[in-house]
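Every chain is numbered from 1 and lettered A, B, ... according to where its sequence line falls, protein lines coming before strand lines. Note that the structure is predicted; figures quoted are calculated from it, not measured.
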Amino acid sequence: MLKRILLIVSMVLLALILLPLLEGLGEQTHVSSLAEYYLSSGADDLNSPNLVTSVVVTYRGLDTLGEVTVLFAAAAGIMLAFKGLKMDEKEREKTQGPSELLASGASLLFPILFIFGIYIFTHGHLSPGGGFQGGVVIASAALLLLLSGVIPGVSHLMTSLLEALAGASYVAIGLLGLYLAAGFLDPRFLPRGEWSGIFSAGAIPVIYSLVGIKVGSELSAVLNAMISKGGEK
Amino acid sequence: MTQLLYILAFVVMAIGLWGILSRRHLIRMIIGFSILDTGIHILLVAIGYRKGGTAPILDEALSKGEALMNAVDPVPSALVLTAIVIGLAVTALMLSFAVRMVQNNPTMNADEHKELKW
Amino acid sequence: MIMGYIGGILAIIGSLFLLLAAIGLIRMPDTYNRMQAGTKATTLGSALIFAGIALHQPGWELKMTGLIIFVFLTNPLSSHALARAAHFIGMNPFVKGKSQSSRDDLKARRDEE
Amino acid sequence: MIYIVAVLGIVIAVSAVFALYTGKILSAIIASGAVSLVASLIYILAGAPDVAMTEASIGSALTTVVFLIAWRRISRIVATSTEKEDKNA
C-alpha cells in the first residue's frame, strides 16, 4: 500500500516537473542563438556539409570525449561483471551448434558489413552517419560471426589494443589542434579541401574514424564478454 | 508538431517511469529504463525541432544561405546521438548486474533480492 | 518521366507483396507456414520496391542494386536460422485434423546433440 | 505529417505498455525493440536523420540483442538451479 502511494506521488511529481514546459508552447520558428551561429557559419568554418557532425566532433568535441570515456567505463564495468562467470556443464550442453548454411552465410556477410561500417564512419562529414553508427555496424558484424559460431571469440588483446590506440590518438589529435590551430580538437590543422569531397573538412574524418574504431572494438569486446562461454584460462 | 512531440515524449517518459517503479521483474524494470531513455531522446529532439524544419545537412536541397532559415537545431541532435550509445552501454551494464544477481539468488523477482536492501 | 511511372508501378506491386506477407503472418496456422509467407513475399516485395526506387531516382541504381543483393543474402539466412531454431525447440508442423505428423529428418541429429 | 506522427506516437505508447504488461519476457523484449524502431521513424520526420540512424541501429537492433543474450543466460541459470533443487528434495 505504501509502495503504491509512493508510486503515485512520484508520477505526480514527474507531471509537475514536465507540465510547465508545455505551458504557452507554440510552434517554434526560431532556433537558439548558439544554433544560429552553427547553422550560418559552421559550413564556412569547417567545410563540412553535415552540421551535426561538426557539432559532435568539433564544437562540442570535448563533450564527445567525455561520452567516449563514459562508454569506456561502462564497458569496463560489464567486463568486470562477467569476469569469472562460467557456465555450468549443464548449461553448456544445451548450447546448440550452428548450421553450416548459417556459418558460411555469416562469413560471406562479414566483410560486406565491415566495409559498410568503415564507409559509414569515413563519410560521417558528408551524409548522416559517423563514428558511433559505423562502430555499431562493425560490432554487429562481429556479433554475427560470434553467434553463427564461425569464431569462438573475439581476441581480447586485439580489441583492447585497438581501443587504447584509438583513444590515445583521439586525445593526441585534440592536443595537435591546440598546438597547430585555434583550440583543443580544432580540426583545421589539416587542409580543408574542396566542398563535399571525402578528404575535406580538416581532421573531422580522421577524428570520427578514430571514434568509430574505438566504439566498434569496445562494443565487440562487450558482446564477446556477454556471449562467450566463460572458458577462458 | 512541437506540442505533439512534447506530449508524446511525456507520455513515453511516464510509461517508462511507471514500469521502473511498479514492475518487480528484473528484465521488465530494465525495459522500463530503456523506454524512459527513448522518451527523453524524443523530448530532446522536440526541443531542437522548428516548424517545417529539415535536416541540418547541406546539399543540393539545402544551400548554405537557406540553412539558417530552414534547418533544425543541430545541438540536440548531437546530444541525442551520443546519448543513445551511452544508453546501450548502460543498459548492458544493468543487464550484466542482473545476471550476477540472479546467479547469487536465482529468482527474477526484485523484491526477493533482499541482501542488497537497507 | 515514363521511367518514373514504371518505377512507381513496380513499387506499388512490391508493397502489395509486402501486404500479402503481413496478411500471411496473421492467417497462417503454424511457425513454418508463417515463415514461408514472411520470407518469400518480403524478399520479392522489397526487391521490387528497391527496383522501383532505382527507376524513379536516377543516380541511385548502384545503391539499390547493393541493397537488393543484401536483402537476397540476408533474408533467406535469417529465415533458415528461425526455422531451425523453431524445429530444435520442438515445434511440430500443423496438419489438419492431426496433432503430430510428417517425417522428421533432423530428429536423429537432435537426439544426438 | 502531423497525423503520421500522431499515429506513430500511439503505436509507441501501445507497444511500451505491452512491453511492461505482457506475459512473456520474450514478447516484452521484442516490444521494447519496436518502441525504439518506431521512435526512429519519428526522428526522421522531426528532421534528425543522424539520430534516426543511430536509434535504428543501436536502440532497436543491438539493445534487443543484448537483452536477448542476457535473458538467455538468466533463464538458463534459473533453470539449472531449480533442477538442482528438485534433485536435492
### Query
What distance do B:M101 atom CE and D:I77 atom CD1 have between them, rounded to the nearest 0.5 Å?
12.5 Å
#### Entry: Inter-residue atom distance B:M29.CE - D:L20.CG, 0.5 Å rounding
11.5 Å
Is [X] in contact with chain D via its backbone, its side chain, both, or neither, using a 4.5 Å heavy-atom distance?
X     : value
B:I7  : neither
B:L4  : side chain
B:H25 : side chain
B:M94 : neither
B:V45 : side chain

Considering all heavy atoms, the nearest [X]-[Y] contact:
X     : Y     : answer
D:V51 : B:S77 : CG2-O, 3.5 Å
B:I42 : D:A39 : CD1-CB, 4.4 Å
B:R28 : D:A28 : NH1-CB, 4.2 Å

Under a 4.5 Å cutoff for heavy-atom pairs, which residue among [options] has the most contacts with chain D?
options             : answer
B:I35, B:V85, B:I15 : B:I15
B:L26, B:L81, B:T91 : B:L81
B:I30, B:L88, B:D37 : B:L88
B:I27, B:L8, B:V11  : B:I27

### D:I29 portion near chain B, given a 4.5 angstrom heavy-atom threshold
both
### Task
Please look at D:I42 and chain B and tell me whether the side chain, the backbone, both or neither of the residue comes under 4.5 angstrom of a heavy atom of that chain.
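Answer is side chain: those atoms of D:I42 sit under 4.5 Å from chain B.
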Go through [options] and name the one with the most non-hydrogen pairs under 4.5 angstrom from chain B.
options                    : value
D:I74, D:I2, D:V66         : D:I74
D:A48, D:A13, D:A46, D:A70 : D:A46
D:V17, D:I25, D:I69        : D:I25

### Partner set under side-chain hydrogen bond (donor to acceptor under 3.5 Å, both in side chains) for B:W18, not counting sequence neighbours
B:S22, D:Y21
### Message
Show every side-chain hydrogen bond (donor to acceptor under 3.5 Å, both in side chains) that has at least one partner inside residues 29-49 of chain D, sequence neighbours left out.
### Response
D:S36-D:E55
### Message
Does B:Y6 have more than 12 heavy atoms from other residues, nucleotides or ligands lying within 6.0 Å of its OH?
### Response
yes
